[in-house]
Colleague: 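Submitted below is the structure of interest, expressed as structure tokens.
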Amino acid sequence: MSKTAASLAPAADPSRWKALVFIALAQLMVVLDATIVNIALPSAQTDLGISDGNRQWVITAYALAFGGLLLFGGRIADKWGRKNAFVVGLIGFALASALGGAANGEAMMLGARALQGAFGALLAPAALSLLAVMFTDAKERAKAFGIYGAIAGGGGAVGLILGGFLTEYLNWRWTFFVNIPFAIVAAVGAWMVIREPAGSRNRAPLDIPGVVLSTTGLVALVYGFTRAESAGWSDALTVTMFVASALLLAAFVLVESKVKSPLLPLRVLLERNRGGVYLSLGLAVISMFGLFLFLTYYLQVVKGFSPVKTGFAFLPMIAGMITGSTQIGARLMTRVPPRLLMGPGFLVAALGMLLLTQLEVGSSYPALILPAQLLLGLGMGTAFMPAMSLATHGVNPADAGVASAMVNTSQQVGGAIGTALLNTIAASATTAYLTDHAAEAAVGGPAGQLIQAQAMVEGYASAIWWAVGILVASSAIALALINTGRPGAGGPVASGSVEDAELKVPVIAH
């Protein structure tokens with residue numbers, strides 16, 4: 001290592017580990033919110049008089065605002081400063097949560113959910129990009145992203161547990177109010193300890209056409225998948241949304257290749273390592289979101305678990321994710337190339353998913369679901385950790401916010417696709433099973449109920465086979481596209497821009 005390279009390395013922030021606590025707390029709050037409301041939705045629907053036709057909008061309003069505004073939020077963080085964006089995002093999220101908890105009708109609830117999504121889109125990329133610019137030493141970066149990756153992967157399952165507790169022992173409003181102390185503690189702590197590195201802001205003017213095209217294109221895409229789940233893939237509005245999304249996002253790419261100061265510089269997206277992370281992670285999330293949905297319904301409807309018991313049934317997956325991320329991924333990240341953690345990690349998760357294709361009405365939780373969850377958690381935790389780190393590794397500090405936003409965007413779009421696609425496959429398989437056993441189902445009584453349950457489980461198993469294939473594809477993409485060496489080893493330099501290559505010097509210098 002030359003003295004020049006060493007001198008380029010930024011001084012380590014003495015408060016970085018304290019900052020990580022508050023960044024992790026904020027990330028947990030955002031990830032929790034993706035699932036905690038699902039458990040509370042039936043109770044909230046009854047209290048607020050929300051129709052069956054409109055209840056999906058409690059979930060959709062959040063998903064549309066969050067998914068549509070992520071790139072804009074990431075660039076705002078680059079311009080304002082990540083610390084400022086992080087604190088404003090936390091305060092806004094807390095206020096929106098208070099509004100949701102106090103909702104007295106459908107309109108107020110949907111407005112609160114949209115506001116939560118908007119402030120989440122500012123908060124999430126700011127959190128990840130703060131880690132990217134504060135932790136530059138390879139070993140420290142591995143530990144920090146290990147913790148962040150465990151939260152990003154396991155937070156959704158924690159939301160199911162917390163949502164079950166709050167709904168069963170307090171009431172659904174506390175699934176919103178619980179965000180307020182999280183946000184206040186994280187905002188105050190962040191304001192006191194975060195010291196953003198000098199010179200990392202992006203002073204370029206905001207790309208307004210890029211903002212409009214990316215936001216409308218992503219909203220159309222997320223809404224298309226959300227609507228497909230309820231109205232079908234051939235529904236006229238569903239098809240219109242997909243066509244509009246394709247045109248708007250194509251126009252966005254064209255604009256970004258022409259303008260002087262693009263919202264999303266194509267070098268961020270097209271560098272093969274980051275592109276490989278965005279694509280493989282988005283596909284893996286399709287599988288995970290579908291699985292959360294199926295296992296929740298299987299345990300509650302087929303097995304008769306209470307909401308709290310259902311939440312606790314997900315604990316092995318959380319334990320696996322934490323172990324995979326902090327004990328396997330973080331320890332090996334500085335010793336092996338990222339693709340040798342991500343590829344095998346996704347394959348281990350696929351093995352866990354493969355076990356769940358054997359699901360039956362009378363399946364044993366300890367014998368089948370427990371080992372499957374452990375494998376899923378270990379695999380996803382091991383893969384998520386280097387993925388989160390690599391998504392911002394070597395990027396221009398002025399682009400760290402928008403690069404972080406791309407990780408969140410791939411997860412958000414993956415989640416929307418997973419819920420819609422796998423649910424549609426499951427519903428089709430269930431219908432086919434009921435058609436084949438129509439005479440038995442018509443009998444009624446316990447025999448008829450058993451056929452109904454078997455039909456549901458048949459649907460879940462069919463969709464889980466697709467999830468297995470998707471995880472195998474994630475593994476193949478990670479192994480094929482990601483070619484960077486282990487951090488700090490001077491391995492193959494990613495084939496990004498000259499600017500990207502130069503920015504790797506401080507990191508490799510450690």
Side-chain angles (χ1 to χ4, degrees), residues 22-38 40 57-78 80 82-101 103 109-131 148 151-153 155-156 158-159 162-163 175-187 190 211 214-215 218-219 221-223 226 282 285 289 388 391 401-416 419:
F22 302 112
I23 292 168
L25 187 64
Q27 175 64 14
L28 178 61
M29 182 186 72
V30 172
V31 178
L32 280 176
D33 211 70
T35 54
I36 196 170
V37 175
N38 290 15
W57 281 100
V58 177
I59 307 299
T60 304
Y62 179 87
L64 290 182
F66 188 68
L69 292 170
L70 270 167
L71 287 177
F72 182 40
R75 186 50 93 197
I76 289 294
D78 288 333
W80 280 4
R82 285 115 202 155
K83 176 179 174 178
N84 294 336
F86 185 70
V87 173
V88 170
L90 281 165
I91 293 168
F93 201 92
L95 292 173
S97 297
L99 193 65
M109 169 59 77
L110 298 183
R113 289 293 283 162
L115 276 174
Q116 277 187 313
F119 283 108
L122 181 63
L123 172 60
L128 183 56
S129 57
L130 276 170
L131 285 190
Y148 187 90
I151 291 170
V158 175
L162 192 56
T175 60
F176 287 89
F177 291 145
V178 74
N179 290 327
I180 298 171
F182 274 95
I184 290 172
V185 170
V211 169
S214 68
T215 301
L218 288 169
V219 164
L221 182 62
V222 173
Y223 182 58
T226 304
V285 169
F289 266 68
M388 290 293 179
V402 78
S404 302
M406 271 306 302
V407 184
N408 288 283
T409 300
S410 67
Q411 289 179 284
Q412 186 65 24
V413 172
T419 304

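Residues take their numbers from the sequence shown, with the count starting at 1.
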Colleague: Under the criterion side-chain contact (heavy atoms from CB on, under 4.5 Å), I'd like the reasoning laid out for Leu95 against Phe119: C-alpha separation, chi angles, the key distance, then a yes or no.
Modeller: CA-CA 10 Å; Leu95 292 173; Phe119 283 108; over 6 Å; no
Colleague: Roughly how far apart are Leu71 CG and Thr409 OG1, rounded to 0.5 Å?
Modeller: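 These two atoms lie 4.5 Å from each other.
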Colleague: For Val178 versus Thr175, what's the shortest heavy-atom pair and its separation?
Modeller: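 For Val178 and Thr175, the tightest heavy-atom pair comes out as CG1-O, 3.6 Å.
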Colleague: Would you indicate whether the side-chain heavy atoms of Phe66 and Arg113 approach each other to under 4.5 Å?
Modeller: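 SC-SC contact between Arg113 and Phe66 ruled out.
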Colleague: Please report the shortest heavy-atom distance between Ala127 and Phe86, naming the atom on each side.
Modeller: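 Reported closest heavy-atom pair: CB-CE1, 3.8 Å.
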Colleague: Tell me the closest heavy-atom pair linking Ala121 and Ala65, and the distance in Å.
Modeller: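 Looking at all heavy atoms of both residues, the shortest contact is CB-O, 4.3 Å.
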Colleague: List the atom of Asn179, the atom of Ser97, and the distance in Å for their closest heavy-atom pair.
Modeller: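 Here Asn179 and Ser97 meet closest at ND2-OG, 3.1 Å.
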Colleague: Would you mind reporting whether Leu70 and Leu218 have side-chain heavy atoms less than 4.5 Å apart?
Modeller: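 No - every pair of side-chain heavy atoms lies 4.5 Å or more apart.
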Colleague: Could you walk me through whether Arg75 and Val211 pass side-chain contact (heavy atoms from CB on, under 4.5 Å), step by step?
Modeller: CA-CA 9 Å; Arg75 186 50 93 197; Val211 169; over 6 Å; no
Colleague: Is there a side-chain contact between Leu90 and Phe22 in this structure, where contact means two heavy atoms from C-beta onward sitting under 4.5 Å apart?
Modeller: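 Side chain of Leu90 against side chain of Phe22, heavy atoms only: no contact under 4.5 Å found.
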Colleague: Which atom pair, heavy atoms only, marks the closest approach of Thr215 to Leu69?
Modeller: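 The pair with the smallest heavy-atom distance is CG2-CD2, 3.7 Å.
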Colleague: What heavy-atom pair brings Val30 and Tyr62 nearest, and what distance separates the two atoms?
Modeller: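 Scanning both residues, the minimum pair turns out to be O-OH, 3.7 Å.
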Colleague: To the nearest 0.5 Å, how far apart are CG in Leu131 and CZ in Arg82?
Modeller: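 It is 12.0 Å, given to the nearest 0.5 Å.
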Colleague: Measuring from atom CD1 of Ile91 to atom CG of Leu122, what distance do you get when rounded to the nearest 0.5 angstrom?
Modeller: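 Between Ile91 CD1 and Leu122 CG, I get 11.0 Å after rounding to 0.5 Å.
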